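Sharing a structure here in structure tokens format.
Just so we're clear, the structure is a prediction, and the values are computed from it rather than from any experiment. Labels below follow one simple rule: chain letters A, B, ... track the order of the sequence lines, proteins then strands, and each chain is numbered from 1.
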2 protein chains.
Amino acid sequence: MKNNIKVWRAKNDMTQEELSKKVGVTRQTINAIERGKYDPSLELAFSLASFFDCRIEDIFAYEQQKE
Amino acid sequence: MKNNIKVWRAKNDMTQEELSKKVGVTRQTINAIERGKYDPSLELAFSLASFFDCRIEDIFAYEQQKE
DNA sequence: ACAATATGTAATGTATGTTTTACATGGTGA
DNA sequence: TCACCATGTAAAACATACATTACATATTGT
């Protein structure tokens, strides 16, 4: 699962910490997701899409693994 | 978080077990999600949307909690 | 040089998502 | 009635998401 949260953040000119507060998680969580350490919960994905006023698919790209 | 997996299943005339195999989880997982015991991971949400050929937002409805 | 800010990172603990195994119940068809 | 199928459910174990605390590094402005 890839994401472009960093780009969305840049578009909105905000730091990881600012975004984290807006979506109700910690800075470390945003950082870890941006760096691909793990994927967010569906709830957090919705929060991010809601905040950036876009669709989840506009932030996250899912690569099908098996055929 | 609400979902209408049951409706999508009905549209495609398939059982929980059939769907679970298609998206690569167990029957119990589909059952638990349908019954609202917990929300799926973002990955599973993508798998479901991919299988039903729709958007995640067409299956899951997220209710904003704070303001 | 110093302070402040943004980001990376690591350890520990907790909560939640998922599997496995197993059993129970209700409906349906022979 | 009996067998079969779909669904509900529960416990244990494991994997992952997230919080908290803490420290490190790089950049920037003064």
Problem - Length of the line joining B/L19:CG and D/dT7:C1', which is rounded to integer Å - result: 14 Å
Problem - Residues B/R9 and B/E18 bridged, charged N to O under 4.0 Å - result: no
Problem - ring pair (Phe, Tyr, Trp, His ring centres under 6.0 Å) pairs, two or more places apart, involving residues 1-39 of chain A - result: A/W8-A/F52
Exercise for the section: For the helix from C/dA1-D/dT30 to C/dA30-D/dT1, figure out the bend between the end axes, five pairs an end, and round to 10 degrees. Expected result: 40°
Completion exercise
Here the residues of residues 52-60 of chain B within 4.0 Å heavy-atom distance, strictly under, of DNA chain C are none
Practice task
Not counting sequence neighbours, which residues clear side chain to side chain contact (heavy atoms under 4.5 Å, CB included) with B/D39? List them please.
Solution key: B/M1
Fill in the blank from the handout: Rounded to whole Å, CE of A/M14 lies from P of C/dT7 at a distance of 10 Å
Exercise for the section: Mind calculating the distance between CD1 (A/I5) and P (D/dA17) to the nearest angstrom? Expected result: 13 Å
Exercise for the section: Ignoring hydrogens and angles, state whether a donor on the side chain of B/T29 or B/T26 is under 3.5 Å from an acceptor on the partner side chain. Expected result: yes
Practice task
Identify which one of A/K22, A/R35, A/Q16, A/K21 satisfies the side-chain contact (heavy atoms from CB on, under 4.5 Å) criterion when paired with A/I30.
Solution key: A/Q16
Fill in the blank from the handout: All heavy atoms of B/S47 vs all of B/V23, minimum pair found to be O-CG1, 3.9 Å
Handout entry: Donor-acceptor pair, side chain of B/E57 and main chain of A/I56, under 3.5 angstrom
Key = yes
Exercise for the section: Of all the heavy-atom pairs spanning A/N3 and A/I33, show the shortest one and how long it is. Expected result: ND2-O, 3.0 Å
Exercise for the section: Using atom CZ of A/R9 as one end and atom C1' of C/dA6 as the other, report the distance to the nearest whole Å. Expected result: 9 Å
Handout entry: Side chain to side chain, A/F60 and A/K2, heavy atoms closer than 4.5 Å
Key = no
Fill in the blank from the handout: Nearest heavy-atom contact between A/S20 and A/E17 is OG-O, 2.6 Å
Exercise for the section: Calculate the interatomic distance between A/D13 atom CG and C/dA6 atom P; express it in whole Å. Expected result: 10 Å
Completion exercise
With B for base contact, S for sugar-phosphate-only contact and - for none (protein heavy atoms under 4.0 Å), nucleotides 18-30 of chain C reads BBBBB--------
Problem - Check: B/S50 side chain, B/F46 main-chain N or O, donor-acceptor pair, under 3.5 Å - result: no
Practice task
Would you please confirm or rule out a distance under 4.0 Å between OP1 or OP2 of D/dG8 and any side-chain N or O of B/N31?
Solution key: yes
Practice task
Could you verify whether a donor N or O on one side chain and an acceptor N or O on the other, from A/R27 and A/N31, lie under 3.5 Å apart?
Solution key: no
Problem - Separation of D/dA6 P from B/E34 CD (nearest whole Å) - result: 14 Å
Completion exercise
Whole-Å distance, A/R35 CZ to D/dT25 C1', equals 14 Å
Practice task
For A/K37 and for A/E17, locate the closest nucleotide of DNA chain C by heavy-atom distance; then report the residue assigned to the nucleotide nearer the 5' terminus.
Solution key: A/E17
Problem - B/A10 backbone acceptor or donor facing B/D13 side chain under 3.5 Å - result: no
Exercise for the section: Let me know the distance between CD1 of A/I30 and C1' of C/dT9, rounded to the nearest Å. Expected result: 16 Å
Between N or O atoms, less than 3.5 Å apart, protein on one side and nucleotides 27-30 of chain D on the other: list the pairs.
none

Handout entry: Nearest-0.5 Å distance, CG of residue B/D58 to CG of residue B/D53
Key = 10.0 Å
